[in-house]
Amino acid sequence: MNILFGALLIVMILLPGVIFRASYLHTAYGKKTFRSSFLDELLLSVVPTLLIQVLGYSAVELILQNVDEHLLYLLIINNDKAIEYGLSGKSVFLFSLYNLCIYIVSWYMGSIARKVVIRRKLDIKYPILRLHNDWHYIFSGLMLDFPGQPGDSNDVSTIWVDVLVESKAGEIIYSGFLEQYVLSKEDGLDRIYLTAVRRRRFTKEEQGANPAVVNDDVQARVDSDSEESTLATDDRYYFMPGDYFIIPYKEIKNLNVIYYREQELADQQEA
Amino acid sequence: MKAPMSKNIREILSDVKKSKALSGQILNSLKTGKPPVYKIGGKSYALVRTATISKGK
């Protein structure tokens, strides 16, 4: 008998765990965004494999009641005695059908597990269940649900980001509302999309200094009922027109992320 | 992936003037401590800072 046949059977038996893991990590962007060792992946695949195969075997045993484990064992260890058993076409068909069903069930179980983990925020409690890298937890606001962090991710109304970028003209700070972010497996983050961006140079004279607010008294309200919606702010800032401002991660030196929650004001507070 | 953003903030950011004003208010609020305030649909809202995280490479 061919030794590859035994290896193929082992792969077929272990495959449900791999499918489960692939389905679990199959998020909107469809790819893994963090690095993990082969050992981690093997462990995270073997455990689901054991569970799924035990359930599948129990179900088949209950229905057919004549599963020949000894023949499967002989085939896996590549023993010639397996030939004496006379492997029938029906057995091959049933084994293939079993595997097909198990693979489909594994995919659905992975998908359901992901939904349960996200809904119950189990990935925050248990690092082994993490679906994305650290950047996702920071930019989605889920960071606030980590133990010891202030606030709640459900209260996040918007995220303001100050980005320090190195350029030929020197260091520049871009500040704006975080609109989108794209994760990557290599660096963790590929790029970020900001909107309503203001830009200013980060010069040595300003480092450590705390320049006063320019014209705080004329701070205007963003009022949908009023035409008055321009603001006199720090002159060093230049408002960047455009819907999105994209910053590649490789150009970012440092990031300051601020989470804001929206609070409705009572009438007496409005003035 | 989309970052969290409330319907009201999204509405403000769809208007260049209002988004410019709100971003200015946020920059000033970081120094003055006064929260940015805006009005949508007859109701007034303030943006309250809940947490700040700095991360370098």
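Chain letters run A, B, ... following the sequence lines, proteins first, then strands; residues in each count from 1.
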Tell me, side chain or backbone of [X] under 4.5 Å from chain B's heavy atoms, or both, or neither?
X        : value
A/Leu164 : neither
A/Ser175 : side chain
A/Phe139 : backbone

To the nearest 0.5 Å, what is the distance between [atom1] ([X]) and [atom2] ([Y])?
X        : Y        : atom1 : atom2 : result
B/Met5   : A/Gln180 : CE    : CD    : 9.5 Å
A/Glu179 : B/Ile9   : CD    : CD1   : 11.5 Å
A/Ile192 : B/Met1   : CD1   : CE    : 15.0 Å
A/Asn254 : B/Ser54  : CG    : OG    : 6.5 Å
A/Gln263 : B/Thr50  : CD    : OG1   : 11.5 Å
B/Tyr45  : A/Arg261 : OH    : CZ    : 14.0 Å

Discussion item. Once side chain to side chain contact (heavy atoms under 4.5 Å, CB included) is applied, do any residues pair with B/Thr52, and if so which ones, sequence neighbours excluded?
Written reply: A/Asn256, A/Ile258, B/Arg49
Discussion item. Is any side-chain heavy atom of A/Trp160 closer than 4.5 Å to one of B/Leu27?
Written reply: yes
Item to complete: Answer yes or no: is there a side-chain heavy-atom contact under 4.5 Å between B/Pro4 and A/Thr158?
Response: no
Fill in: Heavy atoms from other residues, nucleotides or ligands near CZ of B/Arg10 exceed 12 (cutoff 6.0 Å)
yes
Worksheet entry | Neighbour count >12 (heavy atoms, 6.0 Å) for atom NZ, A/Lys121 | yes
Worksheet item: Looking just at side-chain N and O atoms, do A/Arg198 and B/Ser23 make a donor-acceptor pair shorter than 3.5 Å?
Response: yes
Worksheet item: With respect to chain B, which residue among A/Phe177, A/Tyr260, A/Tyr193 yields the maximal number of heavy-atom pairs within a distance under 4.5 Å?
Response: A/Tyr260
Worksheet item: Heavy atoms under 4.5 Å from chain B: which residues of residues 140-150 of chain A carry them?
Response: A/Ser140, A/Met143, A/Leu144, A/Pro150
